[in-house]
Amino acid sequence: MKKIFIYTFLSFAMLSMSSCDKGFDELNVNPIAATTVDRIFILNNAIVSSSFPTTTINYDIGIVQQMVTPNSGVLTGANFNQINNSNAEGIWVNYYRNVIRNTVDVIENTKNVPTRANLNNMARIWKAFAFIIVTDAYGDVPYFEAGKGFLENNTFPKYDLQEAIYTDIIKELTEASAALNASGTVESSDVMYAGNIAKWKRLGYSLLLRAGMRLSKVNPQRAQQAVQAAFQGGVMQSNDDNAVIRHTANYTYPFGNLLNATEAANYYMTDVFVNALRSTNDPRLGAIAVRYVGATSGAGQTAAVANRNPEVQIGMPIGYDNVSITPIVNSLRLASFYDFSQVDRTRIVKPIAPCFLVTYAQTQLLLAEAAQRGWVTGNPATYYANGVRAHMQQFAEYDAASAIPTAAIDAWLAANPFNPANALQQINTQYWIASFLNGPEAWANFRRSGFPALRKNPYPSQQIQGNFINRMVYPISENAVNQANLRAAIQRQGADNLDTKVWWDK
Amino acid sequence: MKRSLPCSGIAVLLLLLLFTQSFAQNRVSGTVSSAKDKTPLPGVSVIVKNTQRGTITDSEGKYSIAVSSGETLVFSFVGFTLKEIAISNQSVVDVALEEDVTQLGEVVVTALGIKKEAKKLGYATASVTPDQININRTVNFMNALQGKMAGVNITTLGSGPAGTSKVRIRGQSSFGGTNAPLIVINGVPIDNTNFALAQGNQGSDGSIQNRGNNNSDGGDGLSSINPDDIESMTVLKGATAAALYGSRAKDGVIMITTKSKGTGRGIGVEFNSNFTTDIPMILTDWQYEYGQGEGGVRPTTANPTSGVWSFGERFQPGMTQVLFNGVTVPYEPQRNQLRQFLRNGNTFTNTISLSSGTERGGFNLSIANMDNTGIMPNNSFNRKTFNLGFTQTLGEKLIISGNANYSKEINRNPPQFAQQDFSVPTVLYTIANSMPMDVLRDNAFDAQGNEYIWSRFRNRTNPYFNMARKFENIFRDRLFGNLTLRYNIKDWLYAQVRVGQDFWTRQQEYNFPTGAASLAPAPAGFVNGSFVQEVRRLREVNADFLIGATRKFGNFGLDATFGGNQLYVQSELNSVQGTDFVVRDLYTIMNTRVRDPIYGFSERKVNSLYGAAEFSYKNFLFLNLTARNDWFSTLSPENRSILYPSVTSSFVFSDAFNNMPSWLNFGKIRAAYAEVGSDTDVGAYANNLFYGINANLFPIGTTSGQAPLGFISGLTVPNANLRPMRVSEAEIGLELKMFNNRVSVDFAFYNKITKDQIVSAQISDASGFTSTRINSGQSRNRGFEYLINVVPFQSDNFRWEVSFNGSYNTTLVQRIITDDNGTDRDYNGDGRPEQIVVGNSIWNAGQGQIRQVVGQPIGMLFANAYAKDAQGRRIFDDAGFPVVVPLQPFGTTIPKWVGGITNSFNYKGILLSFLIDYKLGHIMSSGTNFNAWRHGLHKGTLPGRDTYRIVGEGVNQRGEVNTVSAPLQQYYEQVRSRDIGEQFIYDAGFWKLRQITAGYDFTKHIPGSWFIKGLRLNFVANNVLILKKWVDNIDPEQVGYGSDNLNGLEATGVPTTRSFGFNLNVKF
């Protein structure tokens, strides 16, 4: 009996002996996850993730005085010209994590694949688009080493000079747009243009035009070169070429989510913006605005009291908090601040509203300025009218109830003709309107051009010295984990506050 | 670095062998008593020498056993000298045992379930008796042990009664990974997955994240154990004690033995009933001078409602306020909001057990039901457990034993804690101080049945709406147990195989209710809200074998063991989130518009071989050597094998020398050194970057086609070259018993080095990832523990005993990044002491960030600080707001001093004891106080209220006294917009009157003719009183964050409770 036990015991032991880690290599292979995927899907994600983060309502859109909230705490930002770290880091977090990391992945994994050359160039264009937004917000940022945490194990990327970043963006846009090849592989799964190479080329050159114009103040010569290259390459030709995220019920518009939910009753159109539209009887006011007449609270903003008539719209003045605004509310004979006009959350900021990133309207207005400066051929007045018309036509894409009839567009253009004597102000004021809800672009163009002519936010307790917020502060996480590189950037660029100007703004 | 046993495999077996044998035997019976006072001794082991046949005496000291003529009976009992009696033809053998004052005699269950005499051990252990677990109990039994074991730090979370229990032995050593001890039941490890969620956790401790904003504590592996089933519990504290358990035991082991046989003959029936009432401890001390409103204005018709802001006007008699529902009510303080909302909870546990025991084996079967209702009005927890343990000797030499434990748990609506959205506790702690609760209750719904918007801060869901509409159910079915076959080949040699499995399925469902004000509307034709349903399955199998031999050669003894183990863990997750519904209030996946499924799967293995040899000399000098080799499937082939040794020794000097002073009853010194390797911080498949495809397609441009969106999985940079973490620990100890055993002391000093830690360290977002997994650094835990028992007074009728236990531990971060050759590297090139970020507060890093910094204690709390000049005055900017310095260090969040003092009094059998415990030497960041501050509830926001502007006390940036006033509400709200965490950093220490127990055993008054054989009644009180604390408005133990490394980051949890109740034990 004893022997039976011992022999059984030992034979079991022997039988199962082979190697202590036999099968471990196979065991540690994830059976349910892919180690690769068609990279067009990754680019798709980068594109859809580019929809502007909601923090740009608080800062970018607030700085250019289109929307404002009287509330403080979480909502503090451009309304009081104060620092709010959580909101200031929105662009950084969204674009680095969701757009740049994806585009870098696509670029690195397709760069030596001839059949995916078009995809590679599309990703280069999209990366440039994202970096324009990021560097415009913060100035010097990690660029050349960005997004390479896995590829090169670079977890603490260096900050690059904005000048060097723009130089490379211009190079990338120039090369990638030129290299796009209509006879190459058509990336038909591309969610932006279904792989249409001509449209991607026009997007690339329109972004080159955008990047070039950005340098008009700091280096007109380089600006002119880039603008001319873009113009020769061929920019967007109609609203069909617009780069737009058409949000769906599955992939909703971040602004739409915010402005229909937690902050539904907290953001209002400014009097600056409402009055700018109303002073010219701009039909866009009727397409954008709603006023919940007589509302005394968020709960009182019901469909029954919604009024979309441009005549009744009243914008909220900036420079007030939710207490100091009370006398204004009273003097305007409003029921409460909930009675001011809002951007209509059932139309242009509904949860499935599209988000326009780069538009034909913006492109035409940039060309209007370029033509006015003599950098490109063509009549500034024509570009100007095309731009305004295109933007007005854009509203049909938000909602049928926001569509602006052609007759109204014609009438407005007839009543507000291009005036060469006041060209830059007129063009850039229209650019400001045409970039409504595109905070990063509206804010950058305002800093570059100085238009529209906005007045300083009069709020009494501000944390800026100048008239306007000039840049976003860096995320405090960078202070914790990437301090050496951050410090070098601050040393070069100037104090990490809302006042320091970025390179092209100096 | 790389050492490996020449190994080719691990044998794991199951045997089915049948043995039969018959004997000619007599039956011998008798009574065993104490020679000193002639009282009967129950529980004495009676064994036939050189066999496995044996029994134990019953409650009257009686035994009965079959013995053949010529065999010898061995009587042994803890604290008494062993006695052997040869049997010829006697049928009655009464035995009187002599007390053995020199022998501890205590038997300790050590690693792998091997029982050892305590005096042989060269390392520290801590034990608790079943009474310490059972009588004054908590829902998760571990929480009842707070302050009772030296060196063991137990933390409850403010997450409801069924929440997890955080156990740390000898402090925290891992920078970013797990620090929890291994739980072993009857020699086999079980899973102890922690379902306390961890928002913002960057660690790699496998914390489970829920979807959306759900943040409840779903309990841990300990919460499915019925304390009535526990026969003994031992904590193996150090790596030395745990060396044979290898990788997972680097933070110690909790060894639980469950009952496997009865103590008397025949079927014993025991009934235990325990009832406690839990009363919320409400410690809020809000300001009640200024009421609801913002900027110094109370809500009137033309003004916005605030709901959660108390920056209104000074209360004056006769004032009114207009509430969100348009009703005008008096403007007056509402002081009892929390109490009005919360109810008293209660816990009712009933256990009935059947047992039987003979010399050849026995069984214990218990059935228990625990019903708990939480202080949150919709929270309840029910646990049913069935436990069967048995042991049986088959034939002469084969022993089969095993246990099976089935538990069924239903946890309904565990509170949402450490969370902003849909968290009732967070809202309760932020409601404006003049908001009447009955108005919130009666106006929770609008005409459409949606949430009636009551605050401009819509994430603050009306708690009554939340209670009515948000639900969460967690169902867990769990079966764990093991089967052991042991064959005694010779009387000095045995072989054993054992297979254990822990298997559970856990079904969880929760919703985000339709109509909540914080949710965006659904597309036309649908209603908003979402619903999540998920099933998790986990299977952990441990199979091991063990061969052991014991020989004596004169004065020398050898005890050798060799064995192997294979661990296999497989986990699976099926989860679907559905958003927007067709039919309102029908929360099923099939009723949803969009569905987002997740399937998760992982498996891993650890193979091990190990051996131990114990040498003894004359029963007073012991030397124990062990070695273990582990192979980890999660690591790369070059790094997966690791060999580590341990050596321990024990010297009982009181036995070795004859000339000891008479007051010294027992003396022992011990020393130990061990190494352990671990992969516990590496998940399966951490070696690769993965891609995936989103659940839903996206339209292709303006075409009708749709295309997938792909994603790069995870925000952690994978690392294929991780090495096993290494722990080495040395300890020495001293045990003394003096003055007729009236004073006993047990000291331990230890030094533990943990290196090659595997950490998920936060990195720059600009890298595209948020963390990277690296082999990083070294920590040193150093400390001492003591257990001192003193009997200051003893007489025939009265005995007073005091027990002090405590520990001092500091964990120093010695290195953060080391290269392969062990040298330091300036990790991110910034010239600072090396540091890594392991996690942030749920709001923002500025509120609280946990870092590991070289040269500092582990778990340093960083937060944005007020800028100060050289004289310590705060600096203000030109707008009158404080200037903020980002992320400054404030101190460690891990307590240095943990301990307890128990006083027990016994007067003629009436027992009274109380326990005072403490944790000291650490700090915390309080999210509750942060919310209270920015919402104007905190008393600290009173200055400046009269004018509603405030001039901060300090200087401006030019060094002049600040004269600029800032608007009051914004000034205080700077703590939010600038995340000034410094304002909410508190000393986290406390002294508590933890437990009071009073009881009496009526057994001796019960006539022998009654069917009741025993009766004991105890009255209990738990968490009775906070004697001292430093944090405002909350109990310092009311923490959020179940995560392993995010200690000290409090974010509102459920108030702790004070419990009163009784425990009744009846034996039949």
Side-chain angles (χ1 to χ4, degrees), chain A residues 2 5 9 12-13 16-18 20-21 24 27-28 30 32-35 37 41-42 44-45 48 72-73 76 84-86 93 96 101 142 146-147 149-150 155-157 189 191 193-194 249-251 257 260-262 297-299 322-323 336 351 461-463 476-477 479-484, chain B residues 7-9 11 13 294-295 297 302 305 453 458-459 487 489 495 518-521 523 594 601 607 631 633-634 640 685 688-691 696 698 700-701 703 707-711 717 762-769 772 828-830 837 844-846 879 886-887 966-967 970 973 976-977 979:
Chain A
K2 184 192 305 172
F5 184 92
F9 190 93
F12 266 104
S16 53
M17 276 191 188
S18 45
C20 273
D21 54 357
F24 274 17
L27 192 74
N28 204 32
N30 191 335
I32 61 156
T35 50
V37 71
F41 302 153
I42 301 292
N44 282 348
N45 197 341
V48 174
S72 53
T76 291
N84 182 328
N85 295 96
S86 307
V93 169
Y96 275 118
R101 116 160 154 152
F150 175 69
T155 50
F156 304 109
S189 294
V191 294
Y193 296 125
N250 294 336
Y251 293 94
N257 272 333
N260 277 281
T262 54
S297 68
N322 57 15
V323 173
S336 72
S461 298
Q462 308 196 9
Q463 289 174 320
I476 61 169
S477 60
N479 193 295
V481 300
N482 199 13
Q483 204 191 48
Chain B
C7 156
S8 57
L13 10 145
E294 296 193 61
V297 180
T305 56
I453 299 168
R458 295 196 186 182
N459 302 65
Y487 188 74
I489 300 162
S518 61
L519 297 180
V594 193
F601 175 88
N607 289 343
W631 291 262
S633 75
T634 54
R640 73 168 53 126
Y685 323 130
N688 222 324
L689 188 70
F690 297 105
Y691 294 83
N696 293 293
F698 194 85
I700 297 174
T703 70
L709 305 191
F711 59 85
V717 182
Q762 189 179 323
I763 56 176
S764 171
D765 278 312
S767 69
F769 295 80
T772 182
N828 40 17
D830 57 10
V837 174
N844 198 309
L887 296 172
Q970 283 181 39
E973 281 182 325
R976 177 67 185 101
S977 50
D979 290 306

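Below, chain A is the first sequence line, B the second, and so on; all start at residue 1.
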For the candidates [options], which exhibits the highest count of non-hydrogen atom pairs separated by less than 4.5 Å from chain A?
options                        : value
B:N459, B:L689, B:L887, B:T634 : B:L689
B:A766, B:A879, B:P967         : B:A766
B:P886, B:A520, B:P708, B:G295 : B:P708

Shortest non-hydrogen contact between [X] and [Y], atoms and distance:
X      : Y      : result
A:V191 : B:A707 : CG1-CB, 4.1 Å
A:S477 : B:Q762 : CB-NE2, 3.5 Å
A:A480 : B:V837 : CB-CG2, 3.8 Å
B:E973 : A:G73  : OE1-N, 3.3 Å
B:E294 : A:V323 : O-CG2, 3.1 Å

For the interface with chain B, which of [options] has the highest count of heavy-atom pairs at distances below 4.5 Å?
options                      : result
A:T35, A:N28, A:I476         : A:N28
A:N260, A:V37, A:T76, A:L27  : A:L27
A:N250, A:N479, A:V93, A:N85 : A:N250

* What part of A:I32 gets closer than 4.5 Å to chain B, counting heavy atoms only: side chain, backbone, both or neither? ->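 Contact with chain B is through the side chain of A:I32 alone.
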
Atom [atom1] in [X], atom [atom2] in [Y]: separation rounded to 0.5 Å?
X      : Y      : atom1 : atom2 : value
B:T772 : A:F150 : OG1   : CZ    : 10.5 Å
A:Y96  : B:S767 : OH    : OG    : 10.0 Å
A:T155 : B:D765 : OG1   : CG    : 12.0 Å

* Asked: Is a side-chain N or O of A:Y251 found less than 3.5 angstrom from the main chain of B:N696, in a donor-acceptor match?
  ->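 At least one qualifying donor-acceptor pair exists.
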
* Is there a donor-acceptor contact under 3.5 Å from the side chain of A:N44 to the main chain of B:G710? ->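 Checking the backbone N and O of B:G710 against the side chain of A:N44, no donor-acceptor pair under 3.5 Å is found.
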
* Interchain contact, B:P523 with chain A, by part (heavy-atom threshold 4.5 Å) ->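 Only the side chain of B:P523 comes within 4.5 Å of chain A.
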
* To do: Pick one of side chain, backbone, both or neither for B:T703, based on which atoms fall under 4.5 Å of a heavy atom in chain A.
  =>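 Just the side chain, heavy atoms under 4.5 Å.
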
* A:S86 side chain near B:D979 side chain, heavy-atom distance below 4.5 Å ->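 Yes, their side chains come closer than 4.5 Å.
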
